[in-house]
Trainee: 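The structure follows.
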Amino acid sequence: MSAFPGEADAVLSHTTLDPDPVAIVDGRHFYLGAIAGKKVIVAMTGIGLVNAAGTTEAALSGFGIGAVVFSGVAGGAGRTRIADVAVPARWTLDHGRTFRPVDPGMLAEAGMLSVALESVDSRRRSRVVVGGDGCSGDNNNGVAFPCIPNGGDVFGCQPRTAPDRSLRYTGNFRQAAGRWLRCALISNLKIASSSDPAFDATDMETAAAQAVAEEHGIPFLGVRAITDGPGDPLRLPGFPFQFFCYKRIAAVNAARVTAALLRNWAGA
């Protein structure tokens, strides 16, 4: 799973799609194929907690799934720097009051990976940081963030390399836009860093997807590469400036770690 088109495209670049790769469940598009010889279903959840939970529920209700991996980008702090890939041992939805641990077998496999990653600084190699804590939250006040038809690699409704990509596809725009404009627009105008010193990765989806996977008894792992936080050679003024500058490199690195994990992991 990935949240927005650029993240999903990075995962699809490692995916060999089936001859008939598109499945639609509850209005959501899923792409069937294989990564490193493992059968996979690639999904773009959409941005935010509500979208992540809904897409995960649709996937787990519609398919027989052995495990869930969320591959995407995040804010970083503490041990992580821009372009590093964080694989936290546990995630929180309430800013650290409670945590859910990820699957221990998948986490152990991530700790043994050796992956060539892109870097933003020639003086420092990007690395995979396994363990620690991740945090998910958003400013959407309990409503789904609407994708924007043909809205590019962040706000669009489909991955650009989706096998069924259509300029007419509107995703959840019609269902979500009105309520989001009424309930969440003002809170989303607040520009603040998405990193937090207490967490190795801070995002808007992973812990919501994990909660649904846990309810279904499905192993889960979050793989998040850092777009904003420490380690910026350009010294940009935090989020969202760092995010838009480094999102491609981070999405590529997260997808590389995800593909390597699938290549090495024996499975659930």
Trainee: Nearest heavy-atom pair of Pro233 and Tyr246: which atoms, and what distance?
Mentor: CD-OH, 3.7 Å
Trainee: With the 4.5 Å side-chain cut-off for hydrophobic clustering, are Val154 and Ile148 part of the same group?
Mentor: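 Yes, one cluster joins them.
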Trainee: A side-chain contact here means heavy atoms from C-beta on lying under 4.5 Å apart; do Cys135 and Trp91 qualify?
Mentor: no
Trainee: Counting C-beta onward and ignoring hydrogens, is there a side-chain heavy-atom pair between Met44 and Pro159 closer than 4.5 Å?
Mentor: yes
Trainee: Keeping Thr227 on the side-chain end and Phe243 on the backbone end, is there a donor-acceptor pair under 3.5 Å?
Mentor: no
Trainee: Determine whether Leu185 and Trp180 make a side-chain contact, defined as any pair of heavy atoms from C-beta on separated by less than 4.5 Å.
Mentor: yes
Trainee: Which is it for Asp84 and Arg124 under the salt bridge (Lys or Arg N to Asp or Glu O under 4.0 Å) test, yes or no, and what are the steps along the way?
Mentor: CA-CA 10 Å; Asp84 286 347; Arg124 180 183 179 276; 2.7 Å; yes
Trainee: Check Gly134 against Pro88 and note the closest heavy-atom contact, atom names and distance.
Mentor: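 Scanning both residues completely, I find the closest heavy atoms to be N-CB, 3.6 Å.
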Trainee: Side chains of Leu32 and Leu17, heavy atoms from C-beta outward: is any pair under 4.5 Å?
Mentor: no
Trainee: Is there a side-chain contact (heavy atoms from CB on, under 4.5 Å) between Met204 and Ile47? Walk through the geometry before answering.
Mentor: CA-CA 7 Å; Met204 299 172 67; Ile47 294 170; 3.9 Å; yes
Trainee: Does one hydrophobic cluster hold both Leu181 and Phe145, with members joined at side-chain heavy-atom distances below 4.5 Å?
Mentor: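 Yes, one cluster joins them.
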Trainee: On the 0 to 90° scale, with breaks at 30° and 60°, tag the Phe199-Phe99 ring pair as parallel, tilted or perpendicular.
Mentor: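 Rings of Phe199 and Phe99: tilted, as their planes differ by 30° to 60°.
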Trainee: Transitively linked via ILVMFWY side-chain contacts under 4.5 Å: Val130 with Leu113?
Mentor: yes
Trainee: Would you say that Val102 contacts Gln210 through its side chain, given a criterion of any heavy-atom pair below 4.5 Å between the two side chains?
Mentor: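 Side chain of Val102 against side chain of Gln210, heavy atoms only: contact under 4.5 Å found.
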Trainee: What's the shortest heavy-atom distance between Ile249 and Ser119, and which atoms?
Mentor: CD1-O, 4.4 Å
Trainee: Working to the nearest 0.5 angstrom, can you tell me the gap between Leu221 CG and Leu262 CG?
Mentor: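 Leu221 atom CG to Leu262 atom CG measures 10.0 Å (nearest 0.5 Å).
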Trainee: Under the side chain to side chain donor-acceptor pair (under 3.5 Å) test against Arg224, which residue among Thr202, Asn253, Thr80, Thr206 passes?
Mentor: Thr206
Trainee: For Asp9 and Thr161, does a side-chain donor sit closer than 3.5 Å to a side-chain acceptor?
Mentor: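 Short answer, yes.
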Trainee: Hey, could you give me the CD1/CG distance between Ile24 and Asp26, rounded to the nearest 0.5 Å?
Mentor: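 CG of Asp26 is found 11.0 Å from CD1 of Ile24.
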Trainee: Closest heavy-atom contact between Ala8 and Ser2?
Mentor: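 Nearest pair, atom of Ala8 first, then Ser2: N-CB, 3.6 Å.
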Trainee: Would you say Val252 and Val85 are hydrophobically clustered, going by side-chain heavy atoms of ILVMFWY under 4.5 Å?
Mentor: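 Shared cluster, no.
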Trainee: Apply side chain to side chain donor-acceptor pair (under 3.5 Å) to Thr92 and Asp94, showing your working.
Mentor: CA-CA 6 Å; Thr92 179; Asp94 54 17; 2.8 Å; yes
Trainee: Quick one: CD on Gln158 to CG on Leu167, what's the gap to the nearest 0.5 Å?
Mentor: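 One finds 9.0 Å between CD of Gln158 and CG of Leu167.
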Trainee: So, Thr15 side chain and Gly33 main chain: donor-acceptor pair closer than 3.5 Å or not?
Mentor: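 No.
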Trainee: Walk me through whether Arg81 and Asp232 qualify under salt bridge (Lys or Arg N to Asp or Glu O under 4.0 Å).
Mentor: CA-CA 8 Å; Arg81 299 291 185 268; Asp232 180 6; over 6 Å; no
Trainee: Taking the six-membered ring for Trp, are Phe30 and Phe63 closer than 6.0 Å centroid to centroid?
Mentor: yes
Trainee: Quick one: do Val120 and Ile82 satisfy side-chain contact (heavy atoms from CB on, under 4.5 Å)? Show the steps, please.
Mentor: CA-CA 7 Å; Val120 297; Ile82 290 174; 4.0 Å; yes
Trainee: Would a distance-only check, ignoring hydrogens and angles, find a side-chain to backbone donor-acceptor pair under 3.5 Å from Glu57 to Ala53?
Mentor: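 Side chain of Glu57 to backbone of Ala53: no pair is present.
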Trainee: If we ignore angles and hydrogens, is there a donor and acceptor under 3.5 Å between the side chains of Asp164 and Tyr169?
Mentor: no
Trainee: Please tell me if the side chains of Lys247 and Asp153 come closer than 4.5 Å, counting only heavy atoms from C-beta onward.
Mentor: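 Yes, their side chains come closer than 4.5 Å.
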Trainee: Short question: side chain of Asn172, backbone of Cys147 - any donor-acceptor pair under 3.5 Å?
Mentor: yes
Trainee: Out of curiosity, His95 NE2 to Ser136 OG, how far, rounded to the nearest 0.5 Å?
Mentor: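 Answer rounded to 0.5 Å: 12.0 Å.
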Trainee: When you look at Asn51 and Thr45, which way does the side chain to side chain donor-acceptor pair (under 3.5 Å) test go after all the steps?
Mentor: CA-CA 6 Å; Asn51 286 327; Thr45 66; over 6 Å; no
Trainee: What are the two closest heavy atoms between Gly131 and Arg79, and how far apart are they?
Mentor: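 Between these two residues, the closest heavy atoms are O-NH2, 3.0 Å.
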Trainee: Would you check if Val40 and Val69 make a side-chain contact, meaning some heavy-atom pair closer than 4.5 Å?
Mentor: no
Trainee: Is it possible for you to say whether Val212 and Ile65 belong to one hydrophobic cluster, with membership spreading through side-chain heavy-atom contacts below 4.5 Å?
Mentor: yes
Trainee: To the nearest 0.5 angstrom, please state how far the CD1 atom of Ile218 sits from the OG1 atom of Thr56.
Mentor: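 Answer rounded to 0.5 Å: 11.5 Å.
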Trainee: Can you check whether Leu49 reaches Leu93 side chain to side chain, under 4.5 Å on heavy atoms?
Mentor: yes
Trainee: To the nearest 0.5 Å, how far apart are SG in Cys157 and CZ in Arg165?
Mentor: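 Cys157 atom SG to Arg165 atom CZ measures 10.0 Å (nearest 0.5 Å).
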Trainee: Closer than 3.5 angstrom, by distance alone: can the side chain of Asp103 be matched with the main-chain N or O of Met106 as a donor-acceptor pair?
Mentor: yes
Trainee: Should Arg256 and Glu118 be marked as a salt bridge (Lys or Arg N to Asp or Glu O under 4.0 Å) after you check the CA-CA gap, both sets of side-chain angles, and the distance that decides it?
Mentor: CA-CA 10 Å; Arg256 287 182 183 178; Glu118 291 195 21; 3.5 Å; yes
Trainee: Could you tell me whether the side chain of Asn140 and the main chain of Gly142 form a donor-acceptor pair under 3.5 Å?
Mentor: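 It does not hold such a pair.
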Trainee: Looking at His29, Glu205, Arg28, which hits side-chain contact (heavy atoms from CB on, under 4.5 Å) with Thr55?
Mentor: Arg28
Trainee: For the pair Asp228 (side chain) and Gly238 (backbone), establish whether a donor and an acceptor sit closer than 3.5 Å, ignoring hydrogens and angles.
Mentor: no
Trainee: Given Leu234 and Phe241, is the side-chain contact (heavy atoms from CB on, under 4.5 Å) satisfied, shown in steps?
Mentor: CA-CA 11 Å; Leu234 299 179; Phe241 304 98; over 6 Å; no
Trainee: Give the minimum heavy-atom separation between Ala86 and Ala201, together with the two atoms involved.
Mentor: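 Reported closest heavy-atom pair: CB-CB, 4.0 Å.
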Trainee: Please assess Asp200 against Val87 for the test side-chain contact (heavy atoms from CB on, under 4.5 Å), listing each intermediate value before the final yes or no.
Mentor: CA-CA 9 Å; Asp200 292 314; Val87 188; over 6 Å; no
Trainee: Please answer whether the main-chain N or O of Ala34 pairs with a side-chain N or O of Lys39 as donor and acceptor at a distance below 3.5 Å.
Mentor: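 Not a single qualifying donor-acceptor pair exists.
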